[in-house]
Amino acid sequence: KDEILENISLGATIGVSQAKDNFKLVRATAENILVPGLFSIDNFSNKNVSTDIAETKSNSLFGSLTLGYKNFAFLEVTGRNDWSSTLPIDNASFFYPSFGGSFVVTDAFDVQSDILSYLKLRASYAKVGNATEPYRLRNTYNISSNTYNGQSFFFFGGNVPNAEEGAAPGINLSNPDLEAELSSTYEFGMDIKLFNNRVGIDATYYKNETENQILSLTLPPSYGAESRVINAGLISNSGLEIAINATPVETADFSWNSTVNFSNNNSEVERLAAGVRTQVLARQFNDVVQLVATEGRPYGDLIGSTYERD
């Protein structure tokens, strides 16, 4: 029993953290300069001043446990729980763990070979949570910066096209039931060294799935708004990464090292929101080119229109 305990290594950490972000912005724009060459905000006939503020806060509790046996078998477990002010109170807490293990075959079985110098197998699973930007939970009114009866009204938030003086409804609908995004990643790999470490191979297969994505869903004009914030979608990425390094020539005075990399990633939008098959992610001027996510297609397709020709 004592011999087993002597061969075991154990490490553990636990901690807490708090992050606070405060953002304040005062923006002044102007046009129609009065005196050429004098660049002062008071030297313009038309002036506009806007302000923006944002404050977020998050609390975290995290820990890890590492277990090793005879320096050839290792296991690591981690866990983290975040509480974010940008999510509703019932969904503010989200937990994400990770598990990882590795096994050095050549050390475990004391492999003595002129060909196989080193072989390690590894596998891991990790989940990562992500909150959202502030102020996406409640619909509010924006106060226009136009003047009314000589009084300037400054607004907090984005610009509202053609807003009159006073309050105007926003063009983006919020969501009081938002949840955190969650990404899960599986990895399997091996590290191989051959011919007295003259050749090395590092190969990894991975699969990542992101669900509950926080998206801005485009709405039809009849809805009365341009977009709405939602949780939706499932996007997967899987692929293979291989790195081969070799030392074909090595003498007392000269060494030649070469590395070759190969990677392949397959992305697929498996699911969007109910009733939505294509979501526009970004637009170019006049919608000549759009960046879209389409079910059954890779994430981030570029689509556009062209002239029909005979």
Side-chain angles (χ1 to χ4, degrees), residues 19-58 84-87 130-176 178 181 213-230 273 276 278-294 299-308:
K20 297 178 67 176
D21 291 319
N22 291 281
F23 174 81
K24 295 182 179 180
L25 171 69
V26 177
R27 180 190 297 111
T29 59
E31 59 183 11
N32 298 333
I33 191 169
L34 300 177
V35 179
L38 178 59
F39 296 100
S40 169
I41 194 67
D42 292 327
N43 191 36
F44 292 84
S45 60
N46 297 327
K47 298 181 286 290
N48 183 48
V49 179
S50 63
T51 62
D52 198 1
I53 60 173
E55 182 177 355
T56 64
K57 181 179 178 180
S58 65
S84 175
S85 66
T86 63
L87 296 173
N130 184 40
T132 185
E133 301 172 2
Y135 316 128
R136 307 184 80 181
L137 306 179
R138 295 288 184 270
N139 295 324
T140 59
Y141 281 85
N142 294 319
I143 305 302
S144 170
S145 57
N146 292 342
T147 59
Y148 174 73
N149 198 22
Q151 177 66 49
S152 295
F153 291 88
F154 303 121
F155 67 90
F156 297 88
N159 292 318
V160 180
N162 303 318
E164 299 298 332
E165 62 277 353
I171 58 176
N172 302 311
L173 299 182
S174 300
N175 187 342
L178 277 183
E181 294 181 349
Q213 290 192 97
I214 300 175
L215 304 173
S216 183
L217 180 66
T218 303
L219 299 174
S222 60
Y223 207 94
E226 290 187 0
S227 64
R228 182 185 181 189
V229 180
I230 62 170
V276 177
T278 298
Q279 171 66 24
V280 178
L281 305 174
R283 300 175 183 272
Q284 193 253 4
F285 179 70
N286 284 339
D287 280 349
V288 176
V289 177
Q290 296 179 346
L291 182 69
V292 301
T294 303
Y299 181 83
D301 277 344
L302 287 173
I303 64 171
S305 57
T306 185
Y307 293 104
E308 184 177 356

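Everything numeric here is computed off the predicted structure, so don't read it as measured data. Excluded from the calculations below are hydrogen atoms, water molecules and symmetry mates; all remaining heavy atoms, backbone and side chain alike, are included.
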Taking side chain as C-beta onward, heavy atoms only, is Thr56 less than 4.5 Å from Ser84? no

Pro134 and Ala54: which non-hydrogen atoms are nearest, and at how many Å? CG-CB, 4.1 Å

As a quick check of understanding, evaluate side chain to side chain contact (heavy atoms under 4.5 Å, CB included) for Asn172 and Val229, giving each step before the final call. CA-CA 8 Å; Asn172 302 311; Val229 180; 5.8 Å; no

OG1 on Thr86 to CG on Leu178, rounded to 0.5 Å: 8.5 Å

Evaluate the criterion side chain to side chain contact (heavy atoms under 4.5 Å, CB included) for residue pair Leu137 and Ser174; output intermediate values, then yes/no. CA-CA 5 Å; Leu137 306 179; Ser174 300; 5.5 Å; no

Say you draw a straight line from CD of Gln279 to CD1 of Ile230; how long is it, rounded to the nearest 0.5 Å? 7.0 Å

If we ignore hydrogens and angles and just use 3.5 Å, is the side chain of Asn43 paired with the main-chain N or O of Val35 as donor and acceptor? yes

Closest contact, heavy atoms only, Ala225 versus Leu173: CB-CG, 3.8 Å

From CZ (Arg27) to OG1 (Thr51), nearest 0.5 Å: 9.5 Å

Is Tyr135 atom OH crowded by more than 12 heavy atoms from other residues, nucleotides or ligands, each under 6.0 Å away? yes

Pairwise distance CD1(Ile33) to CG(Leu38) - rounded to 0.5 angstrom: 6.5 Å

Could you tell me the separation between the CG atom of Leu87 and the CG atom of Asn175, rounded to the nearest 0.5 Å? 10.5 Å

Could you tell me which non-hydrogen atom of Lys47 sits nearest to which non-hydrogen atom of Ile41, and how far apart they are? CD-O, 2.8 Å

Out of curiosity, Leu291 CG to Leu302 CG, how far, rounded to the nearest 0.5 Å? 5.5 Å

When every non-hydrogen atom of Val292 is compared with those of Ile303, the smallest separation belongs to CG1-CD1, 3.8 Å

Residue pair Lys20 / Lys57: nearest heavy atoms and the distance that separates them: CG-CG, 3.9 Å

